[in-house]
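Atoms within a ligand are numbered from 1 in the order they appear, just like the ligands themselves. For the single chain, residues carry numbers from 1 onward in sequence order.
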Amino acid sequence: MSRILMVASEATPFAKTGGLADVMGSLPPALAGQGMDVAVVLPKYRGAPMEGARKVLDHLLLAVGPGRYTADIYQVERNGVRYLLVDCAPFFDRDGIYGYDGGDHHDNYSRFAALCHAALGIARHLFRPDVLHCHDWQAALTPVYLKQFFSNDPNFLGVKTVLTIHNLGYQGRFSKDKLWWLGLPEWLFRPDLLEFHGGINLLKASIVYSDYITTVSPTYAHEIQTPEQGFGLDGLLRARSGFLKGILNGVDYEQWNPETDGHIAAHYSAAELSGKRECKLDLLREFSLPLERPETPVIGIVSRMAAQKGFDLIAAVAYELIHWDIRMVVLGAGDPQYENLFRTLADAQPDKFAVRIGYDDRLAHKIEAGADMFLMPSHYEPCGLNQMYSLRYGTAPIVHATGGLDDTIDFSTGFKFRPYSGDAMLGALREALTVYWVDKAHWEAMMREGMRRDYSWRASAAAYVHLYRSLVG
Ligand code: ADP
Ligand code: GLC
């Protein structure tokens with residue numbers, strides 16, 4: 001049995017800002033189900049639910065650059081996986097996972113360097129892995145520290161490293177002086193190692209140092225090797241393309257299933273769709289939208305409000321959308337300019353547009369169930385989970401054909417547009433509305449086709465198992 005130690009900054013139910021948490025809450029159990037022995041290292045942030053936790057390691061020393069800290073490690077077992085939470089109050093017992101009030105914590109480089117040190121401490125004292133599997137820039141220093149400081153340590157002999165890039169747009173870039181704070185030698189400041197445009201880049205370092213690199217959909221694995229989507233790292237990724245592949249994320253259908261979902265007003269399935277109408281009325285009530293003419297199509301959005309997610313397209317065509325016979329229900333938080341865009345639309349046309357600014361898991365489920373269509377015009381999307389949730393809820397996705405959106409949606413389950421433009425998006429929306437109004441039979445067939453698609457973790461977890469086996473030999 002291979003032993004896999006994952007390192008990440010989020011995992012449901014302990015901490016979540018986006019899809020990474022969903023993946024860390026569901027991929028490890030799926031791997032355990034395929035015979036892997038899996039543990040996940042993550043920070044114990046303020047307010048993390050700790051039911052059933054027990055302390056498994058006391059006073060683990062973390063030497064973060066010039067600083068000396070200690071951490072206690074708490075273990076929570078969930079679905080056959082050990083979640084190991086790093087309790088180091090100076091770094092993690094504060095408000096906000098990455099920051100608060102719209103700004104990042106000023107010491108994120110140290111905080112996540114501490115996470116990487118803790119992972120190596122755990123690998124040495126608690127869970128000796130065959131593979132260290134690190135996710136995103138917050139975990140990216142783990143393979144770097146491993147090669148730099150422990151290459152001759154017999155405890156780590158033969159340990160392989162995998163880096164999964166969930167989003168190349170976030171690289172962990174800091175000024176050069178942070179090298180010292182990270183405990184890394186000056187000589188690593190080279191263009192083929194950590195240096196990037198005069199500063200340091202932790203994700204880049206990890207791409208150089210990891211044995212294998214994955215990303216979260218096959219199309220995104222190609223896209224990040226192009227100058228358009230490579231965020232300056234496409235050349236390096238092309239150079240490592242023999243050790244890079246895309247493995248599509250899966251869905252946790254225990255959480256996202258209209259037949260069992262505890263958050264929604266009525267249950268339904270591909271065989272019996274009637275409950276979806278009740279969910280739609282419930283959604284309209286929840287957002288104080290008019291209940292007259294309930295057949296008016298509802299377009300849902302649940303999203304981090306970031307430039308990545310394509311809200312500039314909605315801003316560009318808002319002048320047109322306000323005249324359409326639609327309702328739009330939006331849940332999200334992030335960049336104030338996009339929050340304000342939806343507030344302005346809701347103020348101007350309260351019978352058409354409704355927005356809730358914030359993070360609300362219950363509402364996210366209600367939108368998936370109650371909307372007719374789900375809009376994801378992302379500029380780029382490494383994988384995207386909501387479009388796959390939408391499929392299961394019979395809510396037709398309308399997506400920009402990019403990354404995982406392109407890989408998971410086709411013309412029998414939803415609507416895709418390219419190029420990335422307001423006109424192209426309007427075209428897809430018009431097409432969806434036409435089918436919705438004119439050809440009910442086609443619409444329902446499309447809903448059912450989407451609901452039957454299987455994006456469970458089975459195949460994707462098997463792909464990771466195959467990768468681990470090929471690395472460990
Ligand atoms: P990303 O990770 O880029 O944000 P994904 O589609 O992979 O995009 O995953 C987003 C996850 O976060 C989904 O589970 C989605 O339901 C959830 N989510 C995003 N914004 C909110 C919000 N405001 N309230 C509740 N859930 C949200
Ligand atoms: C990132 C990506 C998203 C992906 C998620 C989980 O946040 O933006 O596309 O689904 O990670 O891998």
- Item | Nitrogen or oxygen of G19 less than 3.5 angstrom from that of ligand 2 | no
- Do R392 and D261 sit within salt-bridge range, that is, some charged N less than 4.0 Å from a carboxylate O? no
For a quick test of your reading: what N or O donor-acceptor pairs under 3.5 Å do the side chains of residues 329-340 make, sequence neighbours left out?
unit_1 : atom_1 : unit_2 : atom_2 : d
D335   : OD1    : Q337   : N      : 3.1
E339   : OE2    : G334   : N      : 2.8
N340   : OD1    : R343   : NH1    : 2.9
N340   : ND2    : P336   : O      : 3.2

- Filtering S378, G332, S303, G358 for the heavy atom nearest atom 20 (N) of ligand 1 leaves S303
- By number and element, which atoms of ligand 2 are closer than 4.0 Å to a non-hydrogen atom of V23? 6 (C), 12 (O)
- Task: Report yes if some N/O of D22 lies less than 3.5 Å from some N/O of ligand 1; otherwise report no.
- Result: yes
- Closest non-hydrogen protein atom to atom 24 (N) of ligand 1, residue and atom name please, with distance? D360 N, 3.0 Å
- atom 11 (C) of ligand 1: nearest protein contact (heavy atom, Å): G19 N, 3.7 Å
- Task: Could you list the atoms of ligand 2 found under 4.0 angstrom from a heavy atom of E381?
- Result: 2 (C), 3 (C), 8 (O), 9 (O)
- When distances are taken from atom 6 (O) of ligand 1, the protein heavy atom at minimum range is L385 N, 2.9 Å
- Test item, K309 contacting ligand 1 (heavy atom, 4.0 angstrom): yes
- Query: With a 4.0 Å cut-off on heavy atoms, does G384 reach ligand 2?
  - Reply: yes
- Atoms in ligand 1 flagged as close to R304, the criterion being non-hydrogen separation under 4.0 Å: 1 (P), 3 (O), 4 (O), 20 (N)
- Task: Determine the minimum heavy-atom distance between P28 and V23, stating which atoms define it.
- Result: CD-O, 3.4 Å
- Do me a favour and list the nearest non-hydrogen protein atom to atom 12 (O) of ligand 1 with residue, atom name and distance? K16 CE, 3.6 Å
- Give every residue pair that meets the salt bridge (Lys or Arg N to Asp or Glu O under 4.0 Å) criterion with at least one member in residues 415-424, sequence neighbours excluded. D406-K416, D406-R418
- Is there a heavy atom of R356 sitting under 4.0 angstrom from any atom of ligand 1? no
- Query: With a 4.0 Å cut-off, would you call D410 and R453 a salt bridge?
  - Reply: yes
- Message: Which residue and atom name correspond to the protein heavy atom nearest atom 22 (C) of ligand 1, and how close is it?
- Response: Y359 CD1, 3.5 Å
- Query: To which of M24, H166, M376 does the heavy atom nearest atom 1 (C) of ligand 2 belong?
  - Reply: H166
